[in-house]
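Presented below is the structure to which this report refers.
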Amino acid sequence: MALYLIDKPKGEIALKMASLDSEAVIVLIQDGVYLDPDAYGKFKEVYAIEHDVVRRGIKEKIKDRARIIDYHELVNIILKHEKIINFA
């Protein structure tokens with residue numbers, strides 16, 4: 001199971017690549033929180049960094065599409081995965 005860290009500049013490519021992985025877990029970071037993961041299929045889990053979501057004023061918009069997490073939770077998620085693919 002791979003963890004994909006996704007920011008906006010390469011976000012659409014990252015989501016397309018992750019959609020080929022049936023076990024993909026994605027974390028939307030920085031401007032990646034603007035991306036719509038639902039447009040690319042189903043992912044095992046979708047997270048978004050709370051600091052980035054709040055800073056961009058889209059917490060209400062994204063909360064139904066991604067689980068909002070803080071940096072402490074992100075570290076725990078990273079430690080659980082052996083394979084991390086960084087598109088940030």
Side-chain angles (χ1 to χ4, degrees):
M1 172 171 28
L3 175 66
Y4 295 80
L5 301 175
I6 302 175
D7 191 1
K8 183 131 178 146
K10 298 176 186 171
E12 291 181 16
I13 293 168
L15 287 173
K16 286 179 185 177
M17 184 176 168
S19 71
L20 300 174
D21 180 351
S22 63
E23 296 291 312
V25 173
I26 64 171
V27 179
L28 303 173
I29 59 174
Q30 300 174 0
D31 285 339
V33 299
Y34 289 125
L35 297 167
D36 181 8
D38 294 336
Y40 296 92
K42 299 291 180 192
F43 297 103
K44 185 169 183 172
E45 297 175 65
V46 178
Y47 300 98
I49 301 299
E50 182 175 30
H51 173 79
D52 299 326
V53 170
V54 170
R55 187 173 190 190
R56 288 156 181 83
I58 61 170
K59 189 170 186 175
E60 289 301 313
K61 181 178 179 181
I62 199 171
K63 71 178 185 177
D64 294 331
R65 296 185 328 208
R67 182 171 160 228
I68 309 297
I69 61 170
D70 60 22
Y71 288 116
H72 178 73
E73 290 171 293
L74 175 60
V75 170
N76 288 333
I77 291 168
I78 289 171
L79 292 173
K80 290 180 184 177
H81 290 83
E82 291 183 23
K83 184 176 182 182
I84 300 169
I85 303 169
N86 187 4
F87 285 95

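Arg65 places a side-chain N or O within 3.5 Å of a backbone atom of Leu35 that can act as its donor or acceptor partner.
The line from CD1 of Ile68 to NE2 of His51 is 13.0 Å long, rounded to the nearest 0.5 Å. Here Glu45 contributes atom CD and Met1 contributes atom CE; the two are 7.0 Å apart, rounded to the nearest 0.5 Å.
The cluster map of Ile, Leu, Val, Met, Phe, Trp and Tyr, joined by side-chain heavy atoms under 4.5 Å apart, puts Ile6 and Val53 in the same cluster. Following chains of ILVMFWY side-chain contacts shorter than 4.5 Å, one can reach Ile77 starting from Tyr71, so the two form part of one hydrophobic cluster. Clustering ILVMFWY residues whenever any of their side-chain heavy atoms sit less than 4.5 angstrom apart, transitively, puts Tyr40 in a cluster other than the one holding Val27. Hydrophobic clustering places Tyr47 together with Leu74 (ILVMFWY residues linked when any side-chain heavy atoms are closer than 4.5 Å, directly or through intermediates).
Nearest approach of Ala48 to Val33, heavy atoms of both residues: CB-CG1, 4.2 Å. Scanning all heavy atoms of the two residues, the minimum distance from Ala88 to Asp7 falls at CA-CB, 3.7 Å. Looking at every heavy atom in both residues, Ala24 comes nearest to Ala18 through CB-O, 3.4 Å.
Looking at His81 and Val25, their side chains come closer than 4.5 Å, going by heavy atoms from C-beta outward. In this structure the side chain of Ile85 never reaches within 4.5 angstrom of the side chain of Leu5, judged on heavy atoms. The closest side-chain heavy-atom distance from Ile49 to Ile69 is below 4.5 Å. Between Tyr34 and Ile58 the shortest side-chain heavy-atom distance falls below 4.5 Å. Using a 4.5 Å cut-off on side-chain heavy atoms (C-beta onward), Leu15 and Ile26 make contact. Between Glu50 and Glu73 there is no side-chain heavy-atom pair separated by less than 4.5 Å.
Using bins of under 30°, 30° to 60° and over 60° for the plane-to-plane angle, the ring pair Phe87/Tyr4 lands in the parallel bin.
Within 6.0 Å of CZ in Arg56 there are more than 12 heavy atoms belonging to other residues, nucleotides or ligands. Atom CD of Glu12 is surrounded by 12 or fewer heavy atoms from other residues, nucleotides or ligands within 6.0 Å. The local environment of CD1 in Ile78 is crowded, with over 12 non-hydrogen atoms from other residues, nucleotides or ligands closer than 6.0 Å.
Looking at Asp21 and Lys44, no side-chain N of the basic residue comes within less than 4.0 Å of a carboxylate O on the acidic one, giving no salt bridge.
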